[in-house]
Trainee: 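For reference, the structure I am asking about is given below.
Note that the numbering runs from 1 along the sequence shown for the chain. Numbering of ligands and ligand atoms starts at 1, following listing order.
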Amino acid sequence: MSYTAHLAAIGSAFLAARQRSSTLIPVRDGLGQLLAEDAHSKVDLPIFRNSQMDGFAVDVASVARVPAELTVTAVLAAGWSGSAEHVPGAAERIMTGAAMPVGADTVIPIEDTEPADVDGRIVVRSSRPVGAFVREAGSDIAKGSTVVPAGTYLAPRHLAAMACAGIESILVRPQLSVAVVTTGAELVAPGEQIGPGQIYDGNLVGLASCLIRDGARVAHAERSPDHPAELRKILDRIVGDVDLIVTSGGISAGDFEVVRETLSDGTFRHVAMQPGGPQGIAVYEGTPVLCFPGNPVSTLVSYEVFARAVIREDAGLPAKARTTSRLTQPLTSLAGKRQFFRGKLGDTGVTPVAGPGSHLVAAMASADCLIDIPEDNTDIDEGAEVSTWPL
Ligand SMILES: Nc1nc2c(c(=O)[nH]1)N[C@H]1C(S)=C(S)[C@@H](COP(=O)(O)OP(=O)(O)OC[C@H]3O[C@@H](n4cnc5c(N)ncnc54)[C@H](O)[C@@H]3O)O[C@H]1N2
Ligand code: MOO
């Protein structure tokens, strides 16, 4: 089975995980959520023509020559109904955010005025053009226009704009909910007492953080011993909560292949690639299960090359762009297998990091890309152009 054929099979299996419906939530709960449909403004913003300054609403003709002395006919606070008309040649004292009286076309800030000698009159000291300090209705956005487009991860600025636009509830696409289950009798959590023959579980945190980075929600992260009954117990407990299950280990050719035994209806095969040769796809109680091999580099590379793109697409995140780079040293690759070497990009090209061994997890930590070598390339020269996938 080729890499591309298994990738296509994973794409098909993932379709079931995509079938989740959007939910309506109050805007105030929207932080970090993925907006499922365009949010349209219920009003013009500003909703009505209003003053940008504390000052005086006037008509420009009456302040064309300054100083000009005007009678103050009203005091208009933010929140007044806005139904009064401007008295031509006079001034209305107006506060920031108050509706402009009909007929007034400019605002003189209070700093540019002073009380006149006669009570109830002011002296305007500097003139302003038409529209100065007037915020026109709809000048920010028109009623019915899109305030925030579908596919946006909602930040405070989006929520504030939607609230100002009178939007009370929004349709959001729930994050993909995923369970990560690592398997192996040898595994203990970092920080736990480690005994002979035991190792620390790196895949749980590795896979969970890949998923979170790519926009999914890790609803469960569990470690299973190598007994099918135990694994089944875990799966039964979590399956109702998640859209997808990702496992590591227990799928190759040994005596204790717990994932393979438990998900015996699944498809387990050897993909012509390295690392990540053993692979599995199964369905548990209707939920797709991606089964990655246990070696930590194999697990991480499997995620990168099989799952990352679909998980990001599902979350509405852009695909990670692949690039080409020149090898800084020759490379030998296995005939008939697509090999994903770990590499480090630099000014002179890409340098493979350590060897191909899928246990070399510490070496992988210093890599920043995968070097993708096709099945039929075995001896690649220094300087050859290769495809690199960002990590
Ligand atoms: N006879 C064969 N043996 C193996 C084959 C094969 O084709 N024939 N394939 C090899 C390849 S390639 C890989 S990769 C592994 C995959 O095996 P499993 O997926 O069954 O994984 P395990 O056997 O459970 O573990 C493999 C390796 O990884 C370590 N491991 C497992 N889980 C974790 C974890 N969560 N954190 C850190 N390290 C982990 C485990 O201790 C093993 O050393 O099979 C080869 N064998
Ligand atoms: O192909 Mo396995 O997944 O590397 O060691």
Side-chain angles (χ1 to χ4, degrees), residues 1-3 6-7 10 178-192 194-211 218 220-228 230-231 234 245-264 266-282 289-307 332-342 352-365 367 370-375:
M1 159 78 53
S2 70
Y3 161 74
H6 190 67
L7 179 67
I10 285 195
V178 189
V180 177
V181 183
T182 55
T183 67
E186 71 276 32
L187 302 178
V188 297
E192 278 180 8
I194 196 165
Q198 292 189 310
I199 61 166
Y200 293 118
D201 179 357
N203 294 347
L204 201 65
V205 68
L207 282 172
S209 46
C210 281
L211 287 155
V218 174
H220 297 275
E222 306 266 348
R223 214 171 348 267
S224 171
D226 279 332
H227 300 294
E230 294 291 332
L231 177 55
I234 292 172
I245 299 169
V246 181
T247 67
S248 90
I251 60 170
S252 58
D255 289 341
F256 309 100
E257 305 297 7
V258 65
V259 170
R260 203 178 177 128
E261 289 170 37
T262 309
L263 304 172
S264 51
T267 307
F268 293 89
R269 52 196 170 203
H270 207 93
V271 176
M273 62 185 279
Q274 196 284 325
Q279 293 288 341
I281 300 174
V289 190
L290 305 185
C291 309
F292 294 149
N295 276 311
V297 172
S298 309
T299 295
L300 288 176
V301 170
S302 297
Y303 176 87
E304 294 292 327
V305 304
F306 286 124
T332 306
S333 186
L334 293 165
K337 287 197 180 188
R338 186 152 174 178
Q339 259 191 291
F340 293 97
F341 294 87
R342 276 66 68 204
V353 169
S358 39
H359 60 295
L360 301 172
V361 66
M364 183 169 180
L370 297 177
I371 305 172
D372 173 13
I373 304 294
E375 290 82 345

Trainee: Nearest to atom 4 (O) of ligand 2, what protein heavy atom do you find, and at what distance?
Mentor: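 Here the nearest protein heavy atom works out to S358 OG, 2.7 Å.
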
Trainee: Do ligand 1 and T182 have nitrogen or oxygen atoms that lie under 3.5 Å from each other?
Mentor: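 For ligand 1, there is no N or O atom that lies under 3.5 Å from one belonging to T182.
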
Trainee: Looking at G250, which atoms of ligand 1 are within less than 4.0 Å of one of its heavy atoms?
Mentor: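 Under 4.0 Å from G250, ligand 1 has these atoms: 18 (P), 19 (O), 20 (O), 21 (O), 22 (P), 24 (O).
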
Trainee: Nearest to atom 27 (C) of ligand 1 by heavy atom, V180, T247, N295, T299: which?
Mentor: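 Looking at heavy atoms only, N295 sits closest to atom 27 (C) of ligand 1.
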
Trainee: Using the test ring-ring contact (aromatic ring centres under 6.0 Å, His included), find all partners of F340 that sit at least two apart in sequence or belong to another chain.
Mentor: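 ring-ring contact (aromatic ring centres under 6.0 Å, His included) list for F340, sorted by chain: Y3, W389.
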
Trainee: Less than 4.0 Å is my threshold; does some heavy atom of G254 fall inside it relative to ligand 1?
Mentor: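 G254 does not count as a contact of ligand 1 under the 4.0 Å cut-off.
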
Trainee: What do we get for L204 next to ligand 1 when only non-hydrogen atoms under 4.0 Å count, side chain, backbone, both or neither?
Mentor: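 Answer for L204: neither.
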
Trainee: When you look for heavy atoms under 4.0 Å from ligand 1, do you find them on the side chain of S252, its backbone, both, or neither?
Mentor: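 S252 to ligand 1: contacts from backbone and side chain alike.
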
Trainee: I need the full list of salt bridge (Lys or Arg N to Asp or Glu O under 4.0 Å) pairs touching residues 332-342, with sequence neighbours left out, sorted by first then second residue.
Mentor: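 For residues 332-342, and leaving out neighbouring residues, the salt bridge (Lys or Arg N to Asp or Glu O under 4.0 Å) pairs sorted by first residue read R338-D372.
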
Trainee: For ligand 2, is there an atom lying under 4.0 Å from some heavy atom of P278?
Mentor: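 It does; at least one heavy atom falls under 4.0 Å.
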
Trainee: Starting from atom 3 (O) of ligand 2, find the nearest protein heavy-atom neighbour and note its residue, name and distance.
Mentor: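 Heavy-atom neighbour on the protein nearest atom 3 (O) of ligand 2: G276 N, 2.5 Å.
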
Trainee: Counting only heavy atoms on the protein side, is anything nearer than 4.0 Å to atom 3 (N) of ligand 1?
Mentor: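 Within 4.0 Å of atom 3 (N) of ligand 1, no protein heavy atoms are found.
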
Trainee: Can a non-hydrogen atom of P275 be found less than 4.0 Å from any atom of ligand 1?
Mentor: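 Contact absent.
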
Trainee: Looking only at heavy atoms, is any part of P278 under 4.0 Å from ligand 1, and if so is it the side chain, the backbone, or both, or is it neither?
Mentor: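 The answer is the side chain of P278.
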
Trainee: Considering heavy atoms of the protein only, find what lies nearest to atom 2 (Mo) of ligand 2 and give residue, atom and distance to 0.1 Å.
Mentor: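 Nearest neighbour among protein heavy atoms for atom 2 (Mo) of ligand 2, to 0.1 Å: S298 OG, 3.5 Å.
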
Trainee: Between I251 and ligand 1, is there a nitrogen or oxygen pair with a distance under 3.5 Å?
Mentor: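 Between I251 and ligand 1, an N or O pair is found under 3.5 Å apart.
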
Trainee: Do H270 and P278 have side chains that get closer than 4.5 Å, going by heavy atoms?
Mentor: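 In short, these two side chains touch, coming nearer than 4.5 Å.
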
Trainee: Using heavy-atom distances only, which candidate in N203, V361, V259, D226 approaches atom 34 (C) of ligand 1 most closely?
Mentor: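 That would be N203.
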
Trainee: Consider ligand 1: state whether an atom of it lies below 4.0 angstrom from any non-hydrogen atom of P296.
Mentor: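 Yes, P296 has heavy atoms under 4.0 Å from ligand 1.
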
Trainee: Touching ligand 1 at all, H359? Heavy atoms, strictly under 4.0 Å?
Mentor: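 Outside the 4.0 Å threshold, so no.
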
Trainee: Only heavy atoms count here, so choose which of A253, C291, A185 is nearest to atom 8 (N) of ligand 1.
Mentor: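 Among A253, C291, A185, the closest heavy atom to atom 8 (N) of ligand 1 belongs to A253.
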
Trainee: Counting from 1, what ligand 2 atoms have a heavy atom of G277 closer than 4.0 Å?
Mentor: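 Numbered from 1, ligand 2 contributes 1 (O), 3 (O).
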
Trainee: Does ligand 1 have a heavy atom under 4.0 Å from the side chain of Q274, from its backbone, from both, or from neither?
Mentor: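 For Q274, there is no contact with ligand 1 at all, from either part.
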
Trainee: In ligand 1, which numbered atoms sit nearer than 4.0 Å to a non-hydrogen atom of Y200?
Mentor: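 The atoms of ligand 1 under 4.0 Å from a heavy atom of Y200 are 36 (N), 37 (C).
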
Trainee: How close does the nearest protein non-hydrogen atom get to atom 35 (N) of ligand 1, and which residue and atom is it?
Mentor: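 Ranking protein heavy atoms by distance from atom 35 (N) of ligand 1, first comes D201 OD1, 2.8 Å.
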
Trainee: Please identify which atoms of ligand 1 are closer than 4.0 Å to at least one heavy atom of H270.
Mentor: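 Atoms satisfying the 4.0 Å criterion: 7 (O).
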
